[in-house]
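Here is the structure we will look at, set down as structure tokens.
To find a chain, count down the sequence lines: A is the first, B the second, and so on, and within it residues start at 1.
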Amino acid sequence: MSVEAWTTTFVIISFMLYLYIGWRSRVKDSKGFFVADQGVPSIANGAATAADWMSAASFISMAGIISFLGYDGSMYLMGWTGGFVLLALLLAPYLRKFGKYTVPDFVGDRYYSVWARLVAVVAAIFVSLTYVAGQMRGVGIVFSRFLQVDINTGVIIGMVIVAFFAVLGGMKGITWTQVAQYTILIFAYLIPAIAIALILTGNPIPQVAFGFSDMVDKLNQVQLDLGFAEYTQPFVNKSMLDVLFITIALMVGTAGLPHVIVRFYTVRSTRAARYSAGWALLFIAILYTTAPAVSSFARYNLIDSLHNKTVAQVQQLDWATKWSNTGLLGFEDKNGDGRIALTPEEETSEITIDRDIIVLSTPEVAKLAPWVIALVAAGGLAAALSTASGLLLVISSSIAHDVYYRIINPQASESQRVMVGRVMVGFAVAIAGYFGVHPPGFVAEVVAFAFGLAAASFFPVIILGIFDKRTNREGAIAGMIVGLAFTAFYIIGVKFYGMPTWFLGISPEGIGTLGMVINFIVTYIVSRLTPPPPLDVQEMVEHLRSPELDGAPLSDLGEEQLD
Amino acid sequence: MNSVSFMSGSVERYSSREQEEDKEVKAQRLRAYWRANTTLIRNLLIVWGFVSLGCSILFVPLLNNIRFGSVPLGFWMAQQGSIFTFVILVFIYAIKMDKLDRRYRRK
């Protein structure tokens, strides 16, 4: 069977599986639709969170980015995993104990204000929309690269699949398809990684091969010979302070992203939320500790097979010819010496490498069977679809639950609420699809927004809402607005209007850290200058802080089922 | 489910037991539980910050003089060690909180 035939088969089988799961988990009531009946076991929620979190970018592009940045790529590895420690210790258990449906729900109830709720709704929708546009585009790109389907057709196929299980099953349908998607994407990632580790180092475990073979040393030497900095050399592309700020912004942003937080509303108890965060991070870490190994192996292998070879030698490599046809790999003998050479300067380098090729070409470079390549395609689709569905539900629930039910029509019946939820998912899918077909030119630029804004808006007000009883409505609203405005001003100014990075040279990706600090300070000071929150809100905070089901022994809960 | 029914539901369920415990004793027990919880969180976050922001960013130039396996230690911490530590920290928190829950839950 050809690669295309295998890919078509795998994609169809995985899509049938998602549709089947979506049909099996269809729901009727709002609790099922918005929080999966709060009955998801913690390991399953961990896998769903991992799939929800790891997007097309994590799966396809991250290893490539690291392979170009070397040490400096660590900020993504640590930023996108370290945030789960904050989530597990500071947010998830308390938000689960709060027991509602959305992030704006907590903000609105804790700060007893429709305005606080609305600010949170706007931030949640904005953050999720910027993020989802990239996912739908990712689906289209995987289709076009692996199946030669037009990108737009690919986006529409993806929209139909997501719409089916998200409209029918809401959070419940999304949860169980995400569990299946995690399984597919992790196998798709690990099989080529294990193969290339085995071929290049003789050790099948990428993490061990990375730390204990001479691969990184050899790569360092090659990099020096070609005029690059050593691969392990820190702070080549960014200053130490910038790396620090970006890492913190990504960590805090991760902990403040609504589509990640709501996953912890779906488990059975506070205790399950704590374990679930551990499982989620473990499942994510499996991919995130494999990625840097793939990055260094694939970079070494690419340089080793291409650098200083004659054009004829390179053309004999099947994968090099194939990927140069897609434009992801380019060769040009610029100085006419009959050999192609890789150099640090773009003008003189005769080899151009797109970052996505690091993951996409690994199976072929490692001479794996065609079905492995097909599995990578299915894995990329799983990563994009799972993240897209989680984001779509946040957009839907922000409007259907927070705006429609909590503000416009509190008397709405169960069936009305679910109906509005379904319509809003459909609506959100259509918008996401539109952005997938007509990607705004600034998609790559606005990703910095999602993390920066989440860090500067939600994170401080949720933390203070739990850990500081004195924080009140006035403080929270002022903090969110000032944090958001400052962060947006800096990012837009630097990205679009050529403003210098006047704050200690911090890049826009890292400014969310400062936005968060400003939010904390403003919230704290304004809260102290205005009246304390009402007594019932203070009691609610006490309730969040008390041991779960005070009085009931653990055995009554069916402890063994929780984790 | 709105906030009123949620709160009253839990009050009804435990109201008979609540009355048996002295109000002051209960407040003290909950304060002790919260203090133990925040101390645990603080300690774990110190480790988290030391490993990720410290060993993997601020002290990297220093740690890179030491080798771990066959790579510089600072580099290894940033790309592997810190992530392993994160996973361990989250599970430690979950397990320790089970113990706290058992100790401070009303018998």
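Residue Arg42(B) does not touch chain A at all, counting heavy-atom pairs closer than 4.5 Å. Proximity to chain B (any heavy atom under 4.5 Å) is shown, for Ile284(A), by neither the backbone nor the side chain. Proximity to chain B (any heavy atom under 4.5 Å) is restricted, for Ile66(A), to the side chain, taken from C-beta onward. Heavy atoms closer than 4.5 Å to chain A are found nowhere in Ile88(B), neither backbone nor side chain. With a 4.5 Å cut-off on non-hydrogen atoms, Leu87(A) does not touch chain B at all. Heavy-atom distances place no part of Leu40(B) under 4.5 Å from chain A, backbone and side chain included. Using a 4.5 Å cut-off between heavy atoms, Met75(A) makes no contact with chain B at all. For Ser56(B), the parts lying near chain A are the backbone and the side chain together; criterion is any non-hydrogen pair under 4.5 Å. Proximity to chain B (any heavy atom under 4.5 Å) is shown, for Thr232(A), by both the backbone and the side chain. Of the atoms belonging to Thr85(B), not a single heavy atom falls under 4.5 Å from chain A. With a 4.5 angstrom heavy-atom cutoff, Thr270(A) does not touch chain B via any of its atoms. Contact annotation for Leu544(A): neither backbone nor side-chain heavy atoms come within less than 4.5 Å of a heavy atom of chain B. In this structure, chain A has heavy atoms under 4.5 Å from both the backbone and the side chain of Phe68(B). At a 4.5 Å heavy-atom cutoff, Tyr76(A) makes no contact with chain B through either its backbone or its side chain.
Relative orientation of the Trp48(B) and Phe86(B) rings is tilted, given thresholds of 30° and 60° on the angle between their planes. A perpendicular orientation is assigned to the rings of Trp34(B) and Tyr94(A), their planes being inclined by more than 60° (bins at 30° and 60°). Between Tyr288(A) and Trp80(A), the ring planes lie perpendicular to each other; the angle is over 60°, past the 30° to 60° tilted range.
A salt bridge links Asp101(B) with Arg274(A): at least one charged nitrogen is closer than 4.0 Å to a carboxylate oxygen. For Glu414(A) and Lys31(A), the salt-bridge test fails: no basic side-chain N is under 4.0 Å from an acidic carboxylate O. In summary, Asp98(B) and Arg103(B) do not engage in a salt bridge, as defined by a charged side-chain N under 4.0 Å from a carboxylate O. Note on Arg110(A) versus Asp105(A): no salt bridge recorded, every NZ/NE/NH1/NH2 to OD/OE distance being 4.0 Å or above.
A side-chain donor from one of Gln207(A) and Thr289(A) sits under 3.5 Å from a side-chain acceptor of the other. Between the side chains of Asp402(A) and Thr102(A), at least one donor-acceptor pair of N or O atoms lies under 3.5 Å.
A cation-pi arrangement is absent between Arg29(B) and Tyr104(B), since the terminal nitrogen or guanidinium carbon is not both under 6.0 Å from the aromatic centre and inside a 45° cone about the axis.
Per-residue counts of heavy-atom pairs under 4.5 Å with chain A were compared for Leu44(B), Leu100(B), Ile95(B), Val51(B); the largest is that of Ile95(B). Comparing Thr81(A), Leu281(A), Asn220(A), Leu89(A) by how many heavy-atom pairs each has under 4.5 Å with chain B, the most go to Leu89(A). Between chain B and the residues Ala293(A), Gly70(A), Gly82(A), the largest count of heavy-atom pairs under 4.5 Å involves Gly82(A). Of the listed residues (Ala94(B), Gly69(B), Gly74(B), Pro61(B)), the one with the most heavy-atom contacts under 4.5 Å to chain A is Ala94(B). Contact tally against chain A (heavy-atom pairs below 4.5 Å) for Ile57(B), Val90(B), Val87(B): the top residue is Ile57(B).
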Residues Ser295(A), Tyr231(A); criterion side-chain contact (heavy atoms from CB on, under 4.5 Å); working and verdict: CA-CA 11 Å; Ser295(A) 309; Tyr231(A) 189 75; 3.5 Å; yes
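Annotation: the span from His401(A) atom NE2 to Arg117(A) atom CZ amounts to 6.5 Å, rounded to 0.5 Å.
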